[in-house]
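Only this structure's heavy atoms are used, side chains among them; waters, hydrogens and symmetry mates stay out. Positions are given from 1, in the same order as the sequence printed here.
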Amino acid sequence: MSSLLYYALPALGGYTVLSFFFLRRPWLLHAPREPAFRCQLAAHRGGSGERLEHTIEAMENATAQRSDLFELDCLLSRDGQVVVSHDENLFRQCGLNKNVGDIDFEDLPLYREKLEVYFSPGQFARGSDRKMIRLEEVFQRFPRTPVSLELKSGDEELINKIVTLVKRFDRSEITIWASEKNSVMKKCHAANPEMPMSFTTIRVVWLLFLYYVGLLPFFTLPERFLLCFLPTIINRTYFPFSCSALNRLAAAITKSLIMRKSLIRHLEERGIQVVFWCLNEESDFEVAYGLGATGVMTDYPTALRHYLDNHPQQPDRGN
């Protein structure tokens, strides 16, 4: 036993030193990747706290606030149009208990006159524009604005039609694949590997495992974005579980695991942008940028622009 410790302890010590050294200096093992754009201000659903979600009016408002990215959700209509919509069922958004996939695009109903802001419970957005839109219209109106497209299913027709639009508008470098599901992301990446990927849920778990065992500096990461919820918003504006006890537990665990400046700095220095969602209060902006995040995803681009204009300093990159 003593002889085993004689060799094991120095090896463990050397491994720890090397891991820490390369965690702080990832460019020695991985060539830094220059991003096509920097995402400091991302508009969730186009800015769904200030105008009706996923409308041209919302995106124009976000553009006026110099948003760097629109976060959008996509589905297929019955006639095969790529529709920008968060919900498959239209009842919450439009008051019609039918699915987007069961209706031709031209027959889709208008949005309700007001919609509750999901990450600001009790707050409602209104707007004069209530028309549902196609992804093609977004690309036409905002040709050089980066977009993150979240897909909840691996519908290959939807994926292939998105790829066709992205290539037609020459947007591969500024259109991000986003999905919680690894199976969906694999299909997306295979359909267009030039489009940057974000981390899926299982890949975030894998990322954290590598970080805590010290192996992260030695692994290649193909993703370009970590779009991650800020743990401190659980039980305030984000309720992933119906049970309050589970929400409290999730908040405690994820806060201890994710809110690590050294992890975020390592990712940033490898060219992986870290964007926390979905933050609608200045105190949360402060936490996210204080951790060293690249940016914040918000329902209120005007509020976030006001914060950024009044806090021009670079975020703290310390330990």
Side-chain angles (χ1 to χ4, degrees), residues 35-48 50-88 93 100-101 103-108 110-111 127 129-179 184-185 187-198 224-225 227 273 275 295 297-299 301:
F37 66 96
R38 295 284 293 175
C39 180
Q40 195 174 39
L41 193 168
H44 181 242
R45 303 185 194 176
S48 61
E50 297 175 5
R51 301 292 190 276
L52 294 176
E53 64 186 52
H54 286 146
T55 59
I56 292 294
E57 184 181 35
M59 293 175 220
E60 287 178 341
N61 177 67
T63 299
Q65 301 306 320
R66 308 197 304 280
S67 293
D68 303 304
L69 174 83
F70 299 151
E71 187 274 340
L72 308 176
D73 306 87
C74 290
L75 297 166
L76 277 182
S77 62
R78 184 170 60 186
D79 54 344
Q81 297 293 313
V82 182
V83 180
V84 180
S85 173
H86 181 270
D87 299 1
E88 174 66 38
Q93 299 171 150
V100 172
I103 305 174
D104 290 344
F105 174 74
E106 292 299 330
D107 296 326
L108 288 172
L110 298 175
Y111 283 112
D129 181 4
R130 297 169 55 198
K131 185 178 182 296
M132 300 189 76
I133 58 173
R134 297 171 299 154
L135 183 62
E136 183 175 0
E137 295 174 71
V138 177
F139 289 172
Q140 288 172 338
R141 185 70 67 91
F142 310 98
R144 302 316 303 162
T145 301
V147 169
S148 172
L149 300 178
E150 182 170 359
L151 276 66
K152 296 176 175 61
S153 76
D155 184 330
E156 293 187 4
E157 182 184 1
L158 172 61
I159 292 170
N160 290 331
K161 289 196 170 184
I162 288 173
V163 168
T164 299
L165 287 170
V166 167
K167 289 183 176 179
R168 196 210 314 169
F169 287 91
D170 190 25
R171 296 179 49 94
S172 287
E173 290 189 347
I174 60 171
T175 307
I176 304 166
W177 288 124
S179 180
V184 175
M185 187 60 74
K187 290 183 179 181
C188 292
H189 184 62
N192 187 348
E194 295 179 4
M195 291 170 58
M197 295 186 295
S198 61
R224 304 296 294 270
F225 290 85
L227 308 177
Q273 299 186 51
V275 179
M297 187 179 296
T298 183
D299 291 308

Engineer: Determine, using ring centers only, whether Phe37 and Phe225 are less than 6.0 Å apart.
Structural biologist: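 Between Phe225 and Phe37, the centre distance is under 6.0 Å.
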Engineer: Please name the pair of heavy atoms, one in Ser77 and one in Ile103, separated by the smallest distance, quoted to 0.1 Å.
Structural biologist: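 Scanning both residues completely, I find the closest heavy atoms to be CB-O, 3.4 Å.
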Engineer: Do other residues, nucleotides or ligands put more than 12 heavy atoms under 6.0 Å from Glu194 CD?
Structural biologist: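 Not buried by this count: 12 neighbours or fewer within 6.0 Å.
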Engineer: Between the side chains of Arg45 and Asp299, is the shortest nitrogen-to-carboxylate-oxygen separation below 4.0 Å, so that they form an ion pair?
Structural biologist: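 Looking at Arg45 together with Asp299, the answer is no, because their closest N to O distance does not fall below 4.0 Å.
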Engineer: Supply the atom-to-atom distance Glu60 CD to Arg141 CZ, rounded to the nearest 0.5 angstrom.
Structural biologist: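 So the gap between those two atoms works out to 5.0 Å.
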Engineer: Going by heavy atoms in the side chains, are Tyr111 and Asp129 under 4.5 Å from each other?
Structural biologist: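 Not in contact.
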Engineer: State, with a plain yes or no, whether a side-chain heavy atom of Glu88 is found less than 4.5 Å away from one of Val100.
Structural biologist: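 With C-beta onward as the side chain, the pair touches.
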Engineer: Nearest 0.5 angstrom please: His54 NE2 to Ser85 OG, how far?
Structural biologist: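 Here the rounded value is 7.5 Å.
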Engineer: Going from CZ on Arg130 to CZ on Arg51, what distance comes out if it is rounded to the nearest 0.5 angstrom?
Structural biologist: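 The CZ atom of Arg51 is 15.5 Å from CZ of Arg130, to the nearest 0.5 Å.
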Engineer: Looking at side-chain heavy atoms only, is the closest gap between Leu158 and Leu151 below 4.5 Å?
Structural biologist: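 Yes, their side chains come closer than 4.5 Å.
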Engineer: Looking at Arg168 and Glu136, is any side-chain nitrogen of the basic one under 4.0 Å from a carboxylate oxygen of the acidic one?
Structural biologist: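 Salt bridge present between Glu136 and Arg168.
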Engineer: Between Pro196 and Glu173, is there a side-chain heavy-atom distance shorter than 4.5 Å?
Structural biologist: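 No, their side chains stay 4.5 Å or more apart.
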Engineer: Out of curiosity, Met297 CE to Ser67 OG, how far, rounded to the nearest 0.5 Å?
Structural biologist: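 Answer rounded to 0.5 Å: 11.0 Å.
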Engineer: Can you name the closest pair of heavy atoms from Asn160 and Ala191 and give their distance?
Structural biologist: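 For Asn160 and Ala191, the tightest heavy-atom pair comes out as OD1-CB, 4.1 Å.
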Engineer: On a heavy-atom basis, which atom in Arg171 and which in Phe142 lie closest, and how many Å separate them?
Structural biologist: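 Looking at all heavy atoms of both residues, the shortest contact is NH1-O, 3.2 Å.
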Engineer: When you compare the side chain of Met59 with that of Leu72, does any pair of heavy atoms fall below 4.5 Å?
Structural biologist: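 SC-SC contact between Leu72 and Met59 confirmed.
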Engineer: Measuring from Lys187:NZ to Glu156:CD, what's the distance to the nearest 0.5 Å?
Structural biologist: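 The NZ atom of Lys187 sits 4.5 Å away from the CD atom of Glu156.
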Engineer: If we only count heavy atoms from C-beta on, is the Leu69 to Ile176 side-chain gap below 4.5 Å?
Structural biologist: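 Yes, at least one pair of side-chain atoms sits under 4.5 Å.
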